Protein chains: 2
Amino acid sequence: MTVTLADVAARARVSPATVSRVLNGNYPVAESTRERVLRAVADLDYVLNGPASSLAAATSDLVGVLVNDIADPFFGIMASAAQTAIGAGASGRGGGEKLAVVCNTGGSPERELTYLTLLQRQRAAAVILMGGSLEAPERLAATAAKLSRLADAGTRVVLCGRPPVEGDAHAAALVFDHRTGARRLTEHLLGLGHRRIGYVAGPADRTTTRHRLEGHREALAAAGVPEGPTVHGPYERASGHAATAELLARDPDLTAIVASNDTVALGVCAALRERGLDVPGDVSVAGFDDLPCALDAVPPLTTVHLPLHEAGTRAGHLAADAAEPAPDGHETIPAELVVRGSTGAVRG
Amino acid sequence: MTVTLADVAARARVSPATVSRVLNGNYPVAESTRERVLRAVADLDYVLNGPASSLAAATSDLVGVLVNDIADPFFGIMASAAQTAIGAGASGRGGGEKLAVVCNTGGSPERELTYLTLLQRQRAAAVILMGGSLEAPERLAATAAKLSRLADAGTRVVLCGRPPVEGDAHAAALVFDHRTGARRLTEHLLGLGHRRIGYVAGPADRTTTRHRLEGHREALAAAGVPEGPTVHGPYERASGHAATAELLARDPDLTAIVASNDTVALGVCAALRERGLDVPGDVSVAGFDDLPCALDAVPPLTTVHLPLHEAGTRAGHLAADAAEPAPDGHETIPAELVVRGSTGAVRG
DNA sequence: TTGAAAGCGTTACCAG
DNA sequence: CTGGTAACGCTTTCAA
């Protein structure tokens with residue numbers, strides 16, 4: 001029923017081996033033969049059988065990109081950049097590009113492991129893990145074990161926005177400097193005169209949550225300012241909205257709120273507006289991630305800019321083997337303060 | 001080096017066939033044998049070889065989800081829902097779930113075709129095409145041809161948010177009622193007294209752009225109100241921002257602006273604020289898509305709600321064969337007007 | 001530069 | 001309920 005390589009070979013009057021060589025383009029073939037084969041391919045509308053090809057070659061063109069939340073532009077931007085970088089990379093087997101596919105783990109370690117197994121089944125060429133991870137020890141161990149098994153099987157592993165696995169040299173790691181970014185952000189607010197600062201943290205037990213919170217606390221400690229109320233919640237609008245009520249209940253005199261994430265910051269803004277509070281007149285709001293899709297329609301916010309596009313591109317190149325990893329496997333990606341407007345100073 | 005099914009069979013003292021049956025769980029096996037096999041699998045840390053499995057079975061567990069822009073939550077939300085629905089569907093071959101992977105076409109028909117070919121290579125179990133498409137005839141024909149070839153090869157094809165292909169009964173189509181939604185939106189503005197309404201349309205030649213614009217014009221025509229200025233641009237913030245300047249230049253007395261998309265609407269709001277115009281006091285802004293991540297931090301907007309999550313879920317079920325398609329293959333998904341606040345009336 | 005043939009690891013059919 | 005064994009379609013030495 002379906003056209004096979006042998007059919008193409010017959011029509012082109014060559015051996016299957018020759019067709020394979022033409023298709024993979026990694027072997028010298030006479031130009032005339034080559035043309036004859038390509039014409040036969042076109043005539044027969046032949047499509048290579050991926051599974052057969054992968055089986056025989058013991059590798060595939062699949063590159064898995066695991067993200068915590070595909071509905072969050074934070075991941076969308078990185079994934080998009082990675083996918084472009086991968087597709088544009090060196091042409092792989094099967095006469096073409098690599099197939100970069102995005103897998104949505106929803107932040108669940110179980111689903112993450114499931115996807116990794118699935119990709120391992122497929123003999124994926126590479127795997128990119130994007131975003132922070134849960135910090136539960138057994139989970140980390142399970143993931144680390146799976147990753148090193150993947151690496152052993154020849155799958156390239158790239159960590160993007162996630163701390164390197166302890167004692168695992170297999171994976172290239174691109175690490176955002178959340179801590180410094182968060183510290184700068186809080187330093188900025190302190191510089192504007194704020195002394196009562198609330199903090200909406202991300203989900204507990206996540207690396208990003210911890211690192212950002214640590215930076216925040218560093219800044220407070222250095223300035224000798226006591227820590228204000230802190231509330232944890234998922235990286236979602238609703239979370240910022242609910243947290244705001246909680247923070248104001250705990251300290252009605254807050255003059256600033258730091259959100260662990262832009263999406264959360266938007267929720268904070270909405271909640272403040274509902275209460276008749278002016279942003280940033282009454283309460284200053286600061287965010288993190290600098291998502292282009294979220295920010296300039298709301299009052300001027302100060303945020304920390306993470307170069308998502310660049311990070312994703314770099315991850316893609318590493319995954320596609322189109323770039324050399326750093327000697328020690330780690331690369332730190334700077335987080336840069338972006339101040340929008342200048343009305344965030346404390347009144348009086 | 002790598003553990004194969006035969007190794008497992010040897011250790012469990014059964015035949016390879018039996019191991020396969022245990023793993024696929026679609027054949028009766030004695031409980032004791034079954035346990036022995038599973039223990040051997042665990043002991044050896046065996047992972048099924050996907051390509052070999054797909055080759056022998058002539059199908060795979062891969063489901064491709066093609067989206068126009070993975071960085072846009074519009075697609076992220078639908079893709080996420082679809083992925084969940086697919087994973088939760090009937091357990092397929094290989095002892096588990098289907099692998100739903102999202103592919104970012106960037107709205108380019110070439111990349112779309114490339115991905116479809118790649119998925120065809122992989123003998124994908126299903127393909128979901130999300131979002132509107134370009135209307136260039138040759139492109140439509142090329143895509144249609146590819147899709148029917150996929151369908152012939154046993155791949156289920158689902159269209160989600162894209163009009164059905166002419167004369168192609170292979171694909172199940174979930175169609176958003178953009179036209180009615182857009183009509184209602186403009187009717188609402190007209191009801192508030194607006195008579196000079198600008199329109200920021202999506203990219204030219206896209207089905208969504210055309211349908212939304214048609215609905216807008218229907219409402220104007222029915223009310224005998226002349227069409228205001230219209231500007232085309234991509235579905236991005238920057239586009240709304242730039243378009244606003246253009247619209248106001250063409251008609252400084254606009255009292256309302258309809259954006260073809262929420263992301264664009266945010267850009268419009270930002271541009272208006274920069275000009276010192278109050279939203280919706282001076283100019284009323286209306287959006288489309290009702291993205292939860294975009295809307296309630298800005299002034300009350302009126303939008304059209306598209307049930308993205310529901311649509312994505314439905315698409316996933318259809319792709320996973322966990323639901324029956326409608327008899328004629330089409331399903332229309334309603335677009336519902338959402339009015340936020342009530343201050344959008346024309347002044348005086 | 002090309003051809004022949006030996007696998008690659010599973011599945012599924014046919015016996016038992 | 002279990003075992004034996006042809007496919008499945010391609011890649012890749014090894015020769016020519």
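Residue numbers begin at 1 in each chain, while the letters A, B, ... track the order of the sequences. None of the values given here were measured: they were computed from a predicted structure.
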Are there any protein N/O atoms within less than 3.5 Å of an N/O atom in nucleotides 1-3 of chain D, and if so, which ones and at what distance?
unit_1, atom_1, unit_2, atom_2, d
dT2(D), OP1, T33(B), OG1, 2.3
dT2(D), OP2, A30(B), N, 2.8
dG3(D), OP2, S15(B), N, 2.9
dG3(D), OP2, S15(B), OG, 3.4
dG3(D), OP2, T18(B), OG1, 2.8
dG3(D), N7, R21(B), NH2, 2.8
dG3(D), O6, R21(B), NH1, 3.4

*Rounded to whole angstrom units, what separation is found between the CG atom of L5(A) and the P atom of dG7(C)?*
20 Å
Just list the side-chain donor-acceptor pairs under 3.5 Å for residues 128-138 of chain B, sequence neighbours left out, or say none.
unit_1, atom_1, unit_2, atom_2, d
E135(B), OE1, R210(B), NE, 2.8
E135(B), OE2, R210(B), NE, 3.2
E135(B), OE2, R210(B), NH2, 2.8

*For D328(A), enumerate each residue passing the side-chain contact (heavy atoms from CB on, under 4.5 Å) test, keeping only those at least two apart in sequence or located in another chain.*
A326(A), H330(A)
*Nearest whole angstrom, please: distance from the C1' of dG9(D) to the CG of N24(A).*
13 Å
*Can you name the residues that form a side-chain contact (heavy atoms from CB on, under 4.5 Å) with E31(A), not counting sequence neighbours?*
R34(A), E35(A)
_Expressed as a whole number of angstroms, how long is the span from Q122(B):CD to dC10(D):C1'?_
13 Å
*Is the closest side-chain donor-acceptor distance between T117(B) and T114(B) under 3.5 Å?*
no
_Side chain of A57(B) (C-beta onward), nearest among dT10(C), dG9(D), dT11(C)_ = dT11(C)
*Check the distance between dG7(C)'s C1' and L55(B)'s CG and give it to me in whole angstrom.*
12 Å
*Distance, rounded to the nearest Å, where D7(B) contributes CG and dT10(C) contributes C1'*: 13 Å
*Take atom CZ of R123(A) and atom P of dG9(C), then tell me their distance rounded to the nearest Å.*
8 Å
*Which pairs with one or both residues in residues 2-25 of chain B pass salt bridge (charged side-chain N to carboxylate O under 4.0 Å, His left out), sequence neighbours excluded?*
R11(B)-D43(B)
_I want to check one thing: is the phosphate of dC8(D), taken as OP1 and OP2, less than 4.0 Å away from some side-chain N or O of N49(A)?_
no
*Pairs satisfying salt bridge (charged side-chain N to carboxylate O under 4.0 Å, His left out), at least one member in residues 150-165 of chain A, at least two apart*: E112(A)-R162(A), R156(A)-D321(A)
